[in-house]
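A quick write-up on the structure given underneath.
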Protein chains: 2
Amino acid sequence: MRRFHHNDPSFETDFAAFVEERRDTPEEVDAIVRDVLSAVRAEGLEALLRFAREFDRVELDEDSIRVSAEEIAAGAAACSQEVRDAIAFAAGRIRSYHERQRPADLRFTDEAGVELGWRWTPLEAVGIYVPGGRAAYPSTVLMNAVPAAVAGVERIAMVTPPGRLQPAVLAAAQAAGVTEIWRVGGAQAVAALAYGAGPIRPVDKVVGPGNAFVTAAKRRVYGVVGIDALAGPSEIVVVADGANNPDWIAADLLSQAEHDPAAQSILITDDEAFAARVEAAVETQLSALATGEDAAASWRDHGAVVIAPLEESPRLVNLIAPEHVEFAVEAPERLSDRVRHAGAIFLGRHTPEAIGDYVAGSNHVLPTSRAARFSSGLSLYDFLKRTSIVKCDEAAFAALAPSTIALAEAEGLPAHARSAAIRLEQS
Amino acid sequence: MRRFHHNDPSFETDFAAFVEERRDTPEEVDAIVRDVLSAVRAEGLEALLRFAREFDRVELDEDSIRVSAEEIAAGAAACSQEVRDAIAFAAGRIRSYHERQRPADLRFTDEAGVELGWRWTPLEAVGIYVPGGRAAYPSTVLMNAVPAAVAGVERIAMVTPPGRLQPAVLAAAQAAGVTEIWRVGGAQAVAALAYGAGPIRPVDKVVGPGNAFVTAAKRRVYGVVGIDALAGPSEIVVVADGANNPDWIAADLLSQAEHDPAAQSILITDDEAFAARVEAAVETQLSALATGEDAAASWRDHGAVVIAPLEESPRLVNLIAPEHVEFAVEAPERLSDRVRHAGAIFLGRHTPEAIGDYVAGSNHVLPTSRAARFSSGLSLYDFLKRTSIVKCDEAAFAALAPSTIALAEAEGLPAHARSAAIRLEQS
């Protein structure tokens, strides 16, 4: 854990260097991923079955690679009523929030008489990667599949590594409107979704988090299909004054730290004594935490405490451009309104970030690694695309043609010019 | 040029195979690009100057790498009045169209008492790649820079390979609100924008078309910065009945073909005799075209004529998912309303696609290579990002906490559960 003090003469340079630190995953995986993608593209299902045998030690065939409707129903039923209720509650809230993102079509006639506009349509088929093992989260399914379903995507294909399927994940798939589930993980799953493989038909976009292999595969298939952002380790900044309960703030910092040793938690406070109480509470809570090993590594290697006037916090947050930021202060908007770069903002002392991971309704798929400077969380927009529309009658065309011809000629594109000129000459 | 006839028993399979044909650029460039990016990242300006010497045969230094305000003004002034007027006309129309895309912020309180919403903010700095030589187009500058300026981006940095700067390009940069221009091209330009190099400060997103090296570089820096879509060769589908002037339709097909030997032009018509007249007109026009060599190669290798009932055209267009589609028919909406996958639709006999390249107001940066299945043309959204907002008071928190705890526990994330539970226990 690093400590930064706003009064330190080297604060600005030290803090800037800290913000720029990369928490990269190694690039060597890319060569392996390239070969996996080529194999799936060339051999289809055969390659998937071979990788399942080699990497996952599982024998699959054309039938068993698909999770059957019976398995999904049985798995979902094995889930406790409490968790099933929580999933339904979360799915409903995510649905309501994303319904409000539906953009409007537009059609208008401008002063030149040109009819212009655009039309939004849903993607046809989307693939969702859901990691296996410990990181198989029902909330991943909900946050990726519900917006797709709200957008009107017909096929929502989930892929997840072979192995025991968590009942809660199956219950979430059912609640979210996933239409098919395949037992395939890693780069080969991304390849199957992008190119198609045996019974897995290709999709139009691949979303969902994964390890370094999955991320490298998404980067490589981008263009053949769409992808969501490339997910990095999770981040939280908590801006807190000394009036907070230090246990609450410590818990919030650890809620991100437990995700991954590469996760990052940063406290910004103007109260040095409070910071010390939070640090002590972090240590106490760590010792009782089942995920304490990862959380301790994250806090040790990437955690930070910044002592600075709270008025400075929006500027510091903008430098960090974090995935999540909490403002645990009175009248939080006074500060948060000055934040420009953040994936999501949580306001007040009773809004721990974990609320947003599950049931607030907003999406928990958010830009990491400073990507909030240029991108947004997952939304309805990720499952819609826009077609622009132009319509000229003869008069409107005549108003636009001369400039078109002048520019096409300036660009050395005579056929462009001709397609306008010929309509002027021969009409 | 290929001919397809709807009555042919193998039509569906032949046409599907044609649609799937890839017009790829080779992948070997990627290794070179990787080394160029590493060099710029490690050495900054020094690497840029060395590449300018090696690749562009130009000696530059820290000062001359920047195009001065005087050069921009002088270049713009050297542009003919006709072209300057056309640029101003186009810029104004592009501005008006994109102004209408500004999305609204939202803040609402739901039935559980949770305050939710989102806020849109512009990116701070954007880099625009403008190719050099024959492909240095003022319209590229307008279509990329005007939406950025409308969005409120403060820094709009243009990069273009060393060499003579086209007056029209400089005039467009001035009209569009470009704030700085640098003499650097290729993968090294993308690296300079992403990582910063000498006087070139890093940006948040890189947009604009380029060759295979530029595209490979954009794919690699994606994540460090945002990128627009990876541009492929241009495409047009023209749906036309026999009542059209075949010369007009031939001109429209050639207006895409002249871009690039890999461009693709497809005519869909229900009138075989009309198709023959268009084919003849294409040959006649080709012989008189200054760009005839590229256009002829494109038409020969990737052109197609499809004879099919016009009622079938929306389905065929959706299979192609083209960058551009024209409906040169009466009551074009009857057909075009059934198109789901297309970058832009041009309606009626007096709306040649070239209008959309320059002055319609809609953006000419559109998804190619079937990417219209999952993505949209460049827009205001590319230069804005959305921050989600969540705010709970104690009662709203109490309504959300139990489900949060249930899901966090089901996911094996005890610190997430604790950050909610601790606020219930200690409040």
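Residue numbers start from 1 in every chain, and the chains themselves are labelled A, B, ... in the order their sequence lines are given, proteins ahead of strands.
Using a 4.5 Å cut-off on side-chain heavy atoms (C-beta onward), Ser388(B) and Asn363(A) make no contact. Using a 4.5 Å heavy-atom threshold, the side chains of Pro402(A) and Phe89(B) count as separate. Looking at Arg220(A) and Asp30(B), their side chains come closer than 4.5 Å, going by heavy atoms from C-beta outward. Between Ser96(B) and Asp110(A), every side-chain heavy-atom pair lies at or beyond the 4.5 Å cut-off. Residues Val390(B) and Glu326(A) fail the side-chain proximity criterion, which asks for heavy atoms closer than 4.5 Å. Using a 4.5 Å heavy-atom threshold, the side chains of Gln285(B) and Ile422(A) count as touching. In this structure, the side chains of Thr387(B) and His341(A) stay at 4.5 Å or more apart for every pair of heavy atoms.
For the pair Arg100(A) and Phe108(B), the distance from NZ or CZ to the six-membered ring centre is under 6.0 Å and the angle to the ring normal is within 45 degrees.
Proximity to chain B involves both the backbone and the side chain of Ser379(A), based on heavy atoms less than 4.5 angstrom apart. Residue Phe383(B): no heavy atom, backbone or side chain, is found under 4.5 Å from chain A. For chain A, the nearby parts of Pro122(B) are the backbone and the side chain; heavy atoms of each come within less than 4.5 Å. With a 4.5 angstrom heavy-atom cutoff, Val203(B) touches chain A only via backbone atoms. Contact annotation for Tyr222(B): both backbone and side-chain heavy atoms come within less than 4.5 Å of a heavy atom of chain A. Contacts between Ala417(A) and chain B at a heavy-atom distance below 4.5 Å are absent for every atom of the residue. At a 4.5 Å heavy-atom cutoff, the contact between Asp393(B) and chain A is made by backbone atoms alone. When heavy atoms are compared at a cutoff of 4.5 Å, Val339(A) approaches chain B by way of both its backbone and its side chain. Residue contact with chain A, scored on non-hydrogen atoms closer than 4.5 Å, is absent for Ala104(B). Of the atoms belonging to Ser255(B), heavy atoms from both backbone and side chain fall under 4.5 Å from chain A. Of the two parts of Asp337(A), the backbone and the side chain both hold a non-hydrogen atom closer than 4.5 Å to a non-hydrogen atom of chain B. For a residue to count as touching a neighbouring chain, one of its non-hydrogen atoms must lie under 4.5 Å from one of that chain's; by this rule Val224(B) touches chain A with backbone and side chain alike. Contacts of Arg386(B) with chain A are made by both backbone and side-chain atoms, with heavy-atom separations under 4.5 Å. The part of Ala90(B) that comes within reach of chain A is its side chain, from C-beta onward, which places non-hydrogen atoms under 4.5 angstrom from that chain. Only the backbone of Ala399(B) comes within contact range of chain A, judged by heavy atoms closer than 4.5 Å. Interface remark: Asn318(B) contributes no atoms to any contact with chain A (heavy atom separation under 4.5 Å). In this structure, chain B has a heavy atom under 4.5 Å from the side chain of Asp357(A), while its backbone stays farther away. Neither the backbone nor the side chain of Asp382(A) has a heavy atom closer than 4.5 Å to any heavy atom of chain B. Contacts between Leu106(B) and chain A at a heavy-atom distance below 4.5 Å involve the side chain alone, from C-beta outward. Proximity to chain A is limited to the side chain of Leu366(B), based on heavy atoms less than 4.5 angstrom apart.
Considering CD1 of Ile227(A) and OG of Ser375(B), their distance stands at 11.5 Å, rounded to 0.5 Å. Within the model, atoms CZ of Arg373(B) and OG1 of Thr121(A) stand 12.5 Å from one another, a figure rounded to the nearest 0.5 Å. The CD1 atom of Ile249(A) lies 10.0 Å from the OG atom of Ser419(B); values are rounded to the nearest 0.5 Å.
Chain B forms the most heavy-atom pairs under 4.5 Å with one residue out of Gly343(A), Gly412(A), Ser362(A), and that residue is Gly343(A). Among Ile355(B), Val83(B), Ile405(B), the residue with the largest count of heavy-atom pairs under 4.5 Å with chain A is Ile355(B). The residue among Leu286(A), Ile345(A), Leu384(A) with the most heavy atom pairs within less than 4.5 Å of chain B is Ile345(A). Contact count versus chain B (heavy atoms, under 4.5 Å) is highest, among Leu400(A), Thr291(A), Leu254(A), for Leu400(A). For the set Arg340(B), Glu82(B), Glu124(B), the count of heavy-atom pairs under 4.5 angstrom toward chain A peaks at Arg340(B). Of the listed residues (Ala125(B), Ser403(B), Ala229(B)), the one with the most heavy-atom contacts under 4.5 Å to chain A is Ser403(B). Comparing Ala354(A), Pro332(A), Pro167(A), Gly232(A) by how many heavy-atom pairs each has under 4.5 Å with chain B, the most go to Ala354(A). Considering only heavy-atom pairs separated by less than 4.5 Å from chain A, the leading option among Ala251(B), Ser376(B), Ala86(B) is Ser376(B). Annotation: maximal heavy-atom pairing with chain A below 4.5 Å, among Glu409(B), Gln101(B), Glu115(B), occurs at Gln101(B). Of the listed residues (Ala290(A), Ala371(A), Gly377(A)), the greatest number of heavy-atom pairs within a distance under 4.5 Å of chain B belongs to Gly377(A). Ranked by heavy-atom pairs under 4.5 Å with chain A, the first of Pro414(B), Gly226(B), Gly348(B) is Pro414(B). Options Ala257(A), Ala360(A), Ala168(A) differ in how many heavy-atom pairs under 4.5 Å they form with chain B, and the most are formed by Ala360(A).
Remark: Arg107(A) engages Glu333(B) in a salt bridge, criterion side-chain N to carboxylate O under 4.0 Å. Salt bridge status for Asp252(B) with Arg423(A): present, with a side-chain N to carboxylate O gap under 4.0 Å.
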Under the side-chain contact (heavy atoms from CB on, under 4.5 Å) rule, what do Arg418(B) and Glu258(A) come out as? Steps first, then yes or no, please. CA-CA 12 Å; Arg418(B) 189 176 169 80; Glu258(A) 77 173 335; over 6 Å; no

Give the C-alpha distance, both sets of side-chain angles, the deciding distance and a yes or no for side-chain contact (heavy atoms from CB on, under 4.5 Å) between Ile389(B) and Leu347(A). CA-CA 8 Å; Ile389(B) 299 167; Leu347(A) 297 174; 3.7 Å; yes

Would you check, one step at a time, whether the test side-chain contact (heavy atoms from CB on, under 4.5 Å) holds for Glu411(B) with Tyr358(A)? CA-CA 11 Å; Glu411(B) 293 189 350; Tyr358(A) 298 110; 2.8 Å; yes

Evaluate side-chain contact (heavy atoms from CB on, under 4.5 Å) for Arg93(A) paired with Val114(B), printing each intermediate quantity in order. CA-CA 11 Å; Arg93(A) 292 187 56 87; Val114(B) 184; 3.5 Å; yes

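Proximity of a side-chain donor or acceptor of Tyr137(B) to a complementary backbone N or O of Ala410(A) within less than 3.5 Å is not detected. One N or O on the side chain of Thr351(A) and one on the backbone of Cys392(B) form a donor-acceptor pair closer than 3.5 Å.
For Trp118(B) and Tyr381(A), the ring centers sit 6.0 Å or farther from each other.
When all heavy atoms of Asp204(A) and Phe374(B) are compared, the pair lying nearest together is O-CD2, 3.1 Å.
For the ring-ring contact (aromatic ring centres under 6.0 Å, His included) condition, the pairs that include at least one residue of residues 385-423 of chain A, sequence neighbours left out, are Phe397(A)-His350(B), His416(A)-His259(B).
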